[in-house]
Amino acid sequence: MLLHTIKEVRDQVKEWKKQGLTVGLVPTMGALHNGHLSLIKKAVEKCDKVVVSVFVNPIQFCPGEDLDKYPRTLEADEKLCNDTGVSIVFAPTPNEMYGNTPQRSNDFLTYVVPPFFYVNKLCGKSRVGHFDGVCTVVNKLFNIVQPDYAFFGQKDAQQLVIIKKMVKDLNIPVEIVPCPIVREASGLALSSRNKYLSEDDKIQALALNKILNNIKDCYKQGITDVKALKETAYNFLNEHHELEYLEFCDADNLEDVTTANDNTRVFIACRVGGVRLIDNILLGE
């Protein structure tokens, strides 16, 4: 069922709640791939009814980013959802979500602003305001759908930590279900932005996963000094890579660590062929 308005979704969910059915939400920006599919399958398995939102959220894009060219494939997305047992595909317009107020500005629009400690690092440093937009739209989706469970991928691990923090701090009655990163056979983490990569770029992009796996191998061999572990990354980088960051943080609260342990998550962001890619790995897994 493809719905475009908040009222339609709320009315349908209200009927499900009357019947005592559990509701799952999978928030997406569309251009669905096997990574999204893994979230959807988990939701269908766990919940009586599943809502997948397909919304390219303008307020989480920073100036100069790919809002206008971000892939939009609603027809294919709807078919994938229908084939997988999704009950509602919610595809609102920006006006439906935010009204006619100017977007990308909290002069006129109420934003949900996560703690500075969680956003002043990793992706938040170069994408100032990005997580304000993420938290605002996710909070709105929680209010609209009122799900019992919401499913998020571990590829966006910083986002996942921030959303968990928002849910806790704002007493939102939803259980966040983290789902593992899904990769191509080559090891490249799936992303809607992979569509921007040429075949040669995809080969060069494998450096991210190689760096992370090598760091994990070194850690398993007993190396825990973060500075030493970072140094190993440069063996995999060349002129095709523009490294933005390689950071070691506590997996639960994103605190920087200098000595790695099993609960350390290693985060990497790198541009390949002009495309910004992210990946991460938990050392104790």
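Here the structure is a predicted model, which means the values were calculated and not measured. Along the sequence shown, residues are numbered consecutively beginning with 1.
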> Are any of the side-chain heavy atoms of Gln60 and Phe131 separated by less than 4.5 Å?
Replying inline: no
> Between Asn194 and Leu197, is any pair of side-chain heavy atoms under 4.5 Å apart?
Replying inline: yes
>> How long is the straight-line distance from CG of Asp132 back to CD1 of Ile59, given to the nearest 0.5 Å?
In response: 8.0 Å
> Given the rule in the salt bridge (Lys or Arg N to Asp or Glu O under 4.0 Å) test, do Glu65 and Arg276 qualify, once you have shown the distances and angles that lead to the verdict?
Replying inline: CA-CA 10 Å; Glu65 291 189 341; Arg276 185 178 185 275; over 6 Å; no
> Given Tyr219, which of Asn261, Asp262, Thr264, Asn214 fulfils the side chain to side chain donor-acceptor pair (under 3.5 Å) condition?
Replying inline: Asp262
> Got a sec, which pairs hit salt bridge (charged side-chain N to carboxylate O under 4.0 Å, His left out) with one end in residues 49-58, sequence neighbours left out?
Replying inline: none
> side-chain contact (heavy atoms from CB on, under 4.5 Å) between Asp256 and Phe248: does it pass, once the steps are laid out?
Replying inline: CA-CA 6 Å; Asp256 294 333; Phe248 292 63; over 6 Å; no
> Taking all atoms of both residues into account, what is the closest heavy-atom pair of Pro92 and Phe55, and its distance?
Replying inline: O-CD1, 3.4 Å
> Do Leu141 and Leu109 share a hydrophobic cluster, counting only Ile, Leu, Val, Met, Phe, Trp and Tyr and linking them when any side-chain heavy atoms are less than 4.5 Å apart?
Replying inline: yes
>> Looking at every heavy atom in both Pro27 and Ser53, which two are closest together, and how far apart are they?
In response: CA-OG, 3.1 Å
>> Around atom NZ of Lys41, are there more than 12 heavy atoms from other residues, nucleotides or ligands closer than 6.0 Å?
In response: no
>> Is it true that, when you exclude Lys227 itself, more than 12 heavy atoms of the residues, nucleotides or ligands shown sit nearer than 6.0 Å to its NZ?
In response: no
> Can you check whether Ile162 reaches Val119 side chain to side chain, under 4.5 Å on heavy atoms?
Replying inline: yes
>> Before you tell me yes or no, could you show the steps for Asp279 and Arg183 under salt bridge (Lys or Arg N to Asp or Glu O under 4.0 Å), namely the whole-Å CA-CA distance, both residues' side-chain angles and the distance that decides it to 0.1 Å?
In response: CA-CA 10 Å; Asp279 204 344; Arg183 301 180 181 277; 2.8 Å; yes
> Does any donor atom in the side chain of Asn238 or Gln204 lie under 3.5 Å from an acceptor atom in the other side chain?
Replying inline: yes
> Are side-chain N/O atoms of Thr5 and Glu96 paired as donor and acceptor at under 3.5 Å?
Replying inline: no
> What's the spacing between Ile88 CD1 and Cys81 SG if we round to 0.5 Å?
Replying inline: 11.5 Å
> Just checking, is any N or O donor in the side chain of Asn213 or Asn209 under 3.5 Å from an acceptor N or O on the other one?
Replying inline: yes
>> Would the distance check show the side chain of Gln158 and the main-chain N or O of Tyr118 forming a donor-acceptor pair, the cut-off being under 3.5 Å?
In response: yes
>> Does Phe152 form a side-chain contact (heavy atoms from CB on, under 4.5 Å) with Leu39? I'd like the steps, not just the answer.
In response: CA-CA 7 Å; Phe152 293 87; Leu39 305 182; 5.8 Å; no
>> Any donor-acceptor pair under 3.5 Å linking the side-chain atoms of Asp148 with those of Thr22?
In response: no
> Can you tell me if Asp250 uses its side chain to pair, donor with acceptor, with the backbone of Asn253 under 3.5 Å?
Replying inline: yes
> Regarding Lys121 and the six-membered ring of Phe117, is the cationic atom NZ or CZ under 6.0 Å from the ring centre and inside 45° of its axis?
Replying inline: yes
> Is the closest side-chain heavy-atom distance between Val167 and Phe142 below 4.5 Å?
Replying inline: yes
>> Counting neighbours of CD on Glu75 that are heavy atoms of other residues, nucleotides or ligands and sit closer than 6.0 Å, is the number greater than 12?
In response: no
> Of all heavy-atom pairs between Asp169 and Pro115, which one has the smallest distance, and what is that distance?
Replying inline: OD2-CG, 4.5 Å
> Between Lys125 and Tyr245, is NZ or CZ placed under 6.0 angstrom from the six-membered ring centre and within 45° of the ring axis?
Replying inline: no
>> I'd like to know if Ile163 and Leu25 are part of one continuous hydrophobic network [Ile/Leu/Val/Met/Phe/Trp/Tyr, side-chain heavy atoms within less than 4.5 Å].
In response: yes
>> Assigning hydrophobic clusters by single linkage (Ile, Leu, Val, Met, Phe, Trp, Tyr; side-chain heavy-atom cutoff under 4.5 Å), is Val54 placed with Phe90?
In response: no
>> For Asp201, is there any backbone N or O sitting under 3.5 Å from a side-chain donor or acceptor partner on Ser198?
In response: yes
> Taking Thr28 for the side chain and Gly30 for the main chain, is one N or O donor matched with an acceptor at less than 3.5 Å?
Replying inline: yes
> Is the number of heavy atoms from other residues, nucleotides or ligands within 6.0 Å of NZ (Lys42) greater than 12?
Replying inline: no
> Do you know which two heavy atoms are closest between Ala205 and Leu188, and how far apart they sit?
Replying inline: CB-CD1, 3.7 Å
> Can you tell me how far CG of Leu243 sits from SG of Cys270, rounded to the nearest 0.5 angstrom?
Replying inline: 5.5 Å
> In terms of heavy-atom contacts, does NZ of Lys79 have more than 12 from other residues, nucleotides or ligands at under 6.0 Å?
Replying inline: no
>> Quick check: closest heavy atoms across Leu160 and Pro178, and the distance to 0.1 Å?
In response: CD2-CB, 3.6 Å
> Can you tell me how far the OG atom of Ser192 sits from the CG atom of Leu32, to the nearest 0.5 Å?
Replying inline: 7.0 Å
> For Lys155, does its backbone N or O pair with a side-chain atom of Asn280 as donor and acceptor, under 3.5 Å?
Replying inline: yes
> Less than 4.5 Å apart, any side-chain heavy atom of Val137 and any of Met97?
Replying inline: yes
>> Return the SG to CD distance between Cys249 and Glu255, rounded to the nearest 0.5 Å.
In response: 9.5 Å
>> Determine whether Ile40 and Leu80 satisfy the following criterion, side-chain contact (heavy atoms from CB on, under 4.5 Å), listing intermediate values before the conclusion.
In response: CA-CA 10 Å; Ile40 293 168; Leu80 182 148; 3.9 Å; yes
> Would you say Cys123 and Phe267 make side-chain contact, with heavy atoms under 4.5 Å?
Replying inline: no
> Under a 4.5 Å side-chain heavy-atom rule over Ile, Leu, Val, Met, Phe, Trp and Tyr, are Val257 and Ile215 clustered together?
Replying inline: yes
>> Whether the Asn57 and Tyr70 side chains hold a donor-acceptor pair (N or O, under 3.5 Å, no angle test) is what I'd like checked.
In response: no
>> In the structure I gave you, are the side-chain heavy atoms of Ile211 and Tyr234 within less than 4.5 Å of one another anywhere?
In response: no
> Any idea which heavy atoms bring Cys218 and Thr232 closest together, and the distance?
Replying inline: SG-CG2, 4.2 Å
>> Evaluate Ile6 against Arg10 for side-chain contact (heavy atoms from CB on, under 4.5 Å), listing each step before the verdict.
In response: CA-CA 6 Å; Ile6 293 168; Arg10 279 184 164 159; 4.0 Å; yes
> Below 4.0 angstrom, N of the basic side chain to O of the carboxylate: do Arg193 and Asp66 qualify?
Replying inline: yes
> For the side chain to side chain contact (heavy atoms under 4.5 Å, CB included) test, which of Gln12, Glu8, Glu78 pairs with Met1?
Replying inline: Gln12
> Counting N and O atoms only, with roles assigned by atom type, does the side chain of Asp225 sit under 3.5 Å from a partner on the main chain of Ala228, one being a donor and the other an acceptor?
Replying inline: yes
> Below 4.5 Å, heavy atoms only, C-beta onward: do Tyr149 and Ile176 meet side chain to side chain?
Replying inline: no
> Rounded to the nearest 0.5 Å, how far does CD1 of Ile268 lie from CG of Leu277?
Replying inline: 9.5 Å
>> Hydrophobic clustering (ILVMFWY, side-chain heavy atoms < 4.5 Å, transitive) - are Val182 and Ile278 grouped together?
In response: no
